[in-house]
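Start at 1 with the first residue, then count along the sequence.
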Amino acid sequence: MAIEQHKDVESGEANGLQCLQEPFIQPEGAACKEVGSDKSVENGSIGMVLFSTLVAVCGSFTFGTCVGYSAPTQAAIRADLNLSLAEFSMFGSLVTIGAMLGAITSGRITDFIGRKGAMRISTGFCISGWLAVFFSKGSNSLDLGRFFTGYGIGVISYVVPVYIAEIAPKNLRGGLATTNQLLIVTGASVSFLIGSVINWRELALAGLVPCICLLVGLCFIPESPRWLAKVGREKEFQLALRRLRGKDVNISYEAAEILDYIESLQSLPKTKLLDLFQRKHVRSVVIGVGLMVCQQSVGINGIGFYTAETFVAAGLSSGKAGTIAYACMQVVPFTILGAILMDKSGRRPLVMFDPEIFPSCESYCDQIYIAAFSIGMGPVPWVIMSEIFPIHVKGTAGSLVVLVNWLGAWVVSYTFNFLMSWSSPGTLFLYAGCSLLTILFVAKLVPETKGKTLEEIQACISS
């Protein structure tokens, strides 16, 4: 089967556009009969898809706890271990350095040992990191632990959205993929809230809980059927697909479509980094890298890593109160709202309507900024990243995109304290300017992916 036919692998439709042209409500027996169509998904079981997503996003929760750890613990760690501002800034930003290394290796690891295997390895690094932080007596072991957790979440930040995109039917893919961002901000918010009432060593131990949940849950969910098909494990591929679609659903057509598509990809040469800059891939790379640069340039990791100090600078009398406000604004209700809107309004409008231009030295403007990020620029780049690359370049391209994201996160998190010391208004207005540039970038270059199969998205980008 030629790639140009753009067959709907994930939904099993031989021609997705043809079915899209048919009435939404059809007489019984007139609907598309393929296993993967929306009608079949409704008739089949999505219980395992939902459970698998729930397990995978335990990794996202771990991601959030790592990112949120430094905000409520800054004063206590500096006092207990006698750290200077520069030393704590290094500690806070080391998670992003580790994540950059994790990003570089994430694609290869995920392609070589599978999506579940990559999640296991990343969880092992996170557990080691949390234990190192807990037993720290000085800055060296503290920094080492922070680096290990960073490496783990660097891998997680790539593999979780990819796994969800590969197991989800197209009509649920956007919403399910958004749960990745939802659990990231939930994890960060839980760290903020718990860190306000327990000490920093106990908070490190609490970080082990989602790691253990992920390791246990991975024993009960299937591997990505697409990856199993790609590496030639056909029997396991059939079993995984059946578990995801339900025992009463005929998966033969969908399985044949996936195998045919994978076979067509096997004839393509192995992708190297320079291959991404060929004309057929360059637009996808520009979109993926550009969105990650935009996400970091609005300053979210600076505000997130050092929440308490940021809200004090914005006029609140208590940094702890600002931390709690940040936690509430992220999860209730704005990230959940973003998840609901992802498959209704589409990806582009969530970014185009961007009140992130409001960060300022007023606490209420900071809260508007946080809410806007939780709806738009937080989840959208990760969802689009999992959709825009063909499967045969996804590993290499994903590593590049995630690396750029974490490089930007390191620059923002390391420089934030110094910029705020220079000028609080100037720093926040700098991020506001980057938000305006983000709107222009999305308007000019980023396509809408809502309601399209991965193959249709490729056709749109290549046209």
Discussion item. Any side-chain to backbone donor/acceptor pair from K116 onto I221? Under 3.5 Å, distance only.
Written reply: yes

Item to complete: Find out whether T123 and T62 are in side-chain contact, i.e. whether some heavy atom of one side chain is under 4.5 Å from a heavy atom of the other.
Response: no

Worksheet item: Is L239 close to P222 at the side-chain level, that is, under 4.5 Å between some pair of heavy atoms?
Response: no

Practice prompt. Taking R348 for its side chain and V446 for its backbone only, find out whether a donor-acceptor pair lies under 3.5 Å.
Written response: yes

Worksheet item: ring-ring contact (aromatic ring centres under 6.0 Å, His included) with W406: which of F63, Y151, Y158?
Response: F63

Practice prompt. Identify the heavy atoms of P161 and W382 that sit nearest to each other, and give their distance.
Written response: CB-O, 4.2 Å

Worksheet item: Quick one: are V442 and V380 in side-chain contact, heavy atoms under 4.5 Å?
Response: no

Worksheet item: Between L259 and F237, is any pair of side-chain heavy atoms under 4.5 Å apart?
Response: yes

Fill in: Any side-chain heavy-atom pair of N405 and S157 under 4.5 Å
no

Practice prompt. Could you walk me through whether L214 and L218 pass the side-chain contact (heavy atoms from CB on, under 4.5 Å) test, one step at a time?
Written response: CA-CA 6 Å; L214 178 57; L218 286 172; 4.0 Å; yes

Worksheet entry | Evaluation steps, side-chain contact (heavy atoms from CB on, under 4.5 Å), between V159 and I109 | CA-CA 9 Å; V159 67; I109 291 173; over 6 Å; no

Worksheet item: Ignoring hydrogens and geometry, is there a side-chain-to-backbone donor-acceptor pair from W227 to D111 under 3.5 Å?
Response: yes

Worksheet entry | Nearest-0.5 Å distance that lies between atom CD1 in I167 and atom CZ in R115 | 11.5 Å

Worksheet item: Is there a side-chain contact between V155 and I121, using heavy atoms and a 4.5 Å cut-off?
Response: no

Discussion item. Please determine whether side-chain contact (heavy atoms from CB on, under 4.5 Å) holds for the pair T396 and F389, giving the CA-CA distance in whole Å, both sets of side-chain angles, and the decisive distance to 0.1 Å.
Written reply: CA-CA 10 Å; T396 304; F389 296 112; over 6 Å; no

Practice prompt. Might you point out which heavy atoms bring P381 and Q295 nearest each other, and give the distance in Å?
Written response: CG-NE2, 3.9 Å

Practice prompt. Taking E448 for its side chain and K450 for its backbone only, find out whether a donor-acceptor pair lies under 3.5 Å.
Written response: yes

Discussion item. Donor-acceptor check, side chain of S284 to backbone of I388, threshold 3.5 angstrom: yes or no?
Written reply: yes

Item to complete: Please answer whether the main-chain N or O of V49 pairs with a side-chain N or O of S52 as donor and acceptor at a distance below 3.5 Å.
Response: no

Item to complete: Just jot down the side-chain hydrogen bond (donor to acceptor under 3.5 Å, both in side chains) partners of E234, sequence neighbours excluded, or say none.
Response: none

Worksheet, complete the sentence: Heavy-atom nearest pair, L276 first then H281, reads O-CB, 3.4 Å

Worksheet item: Between atom CG of L94 and atom OG1 of T96, what is the distance when rounded to the nearest 0.5 Å?
Response: 7.5 Å

Item to complete: Kindly state each residue pair satisfying ring pair (Phe, Tyr, Trp, His ring centres under 6.0 Å) with at least one member in residues 92-121, sequence neighbours excluded.
Response: none

Worksheet item: Which atom pair, heavy atoms only, marks the closest approach of P447 to I287?
Response: CD-CD1, 3.5 Å

Response to the item:
dist L176:CG -> Y163:OH (nearest 0.5 Å) comes out at 11.5 Å

Worksheet item: Are side-chain heavy atoms of C126 and I153 found at a separation under 4.5 Å?
Response: yes

Discussion item. Let me confirm one number: the CG-CZ distance from L291 to R347, rounded to the nearest 0.5 Å.
Written reply: 12.5 Å

Discussion item. Determine whether a donor-acceptor pair (N or O, by modelled atom type, separation under 3.5 Å) exists between the side chain of R146 and the backbone of C66.
Written reply: yes

Discussion item. For the backbone of A188 and the side chain of T65, can you confirm whether one donor and one acceptor N or O come within less than 3.5 Å of each other?
Written reply: no

Fill in: Atom of M377, atom of T438 and distance for their closest heavy-atom approach
SD-CG2, 3.7 Å

Response to the item:
Nearest heavy-atom approach of V160 to M119 is CG2-SD, 4.3 Å

Worksheet item: Passes side-chain contact (heavy atoms from CB on, under 4.5 Å), I184 versus S60? Steps please.
Response: CA-CA 5 Å; I184 290 173; S60 306; 3.9 Å; yes

Worksheet, complete the sentence: Distance col, row L437:CG vs F441:CZ, nearest 0.5 angstrom, shows 11.0 Å

Worksheet item: Could you state the interatomic distance from CD1 (I156) to OG1 (T149), rounded to the nearest 0.5 Å?
Response: 10.0 Å

Item to complete: Using modelled atom types only, decide if a donor and an acceptor are shared between the side chain of T427 and the backbone of L419 within a distance under 3.5 Å.
Response: yes

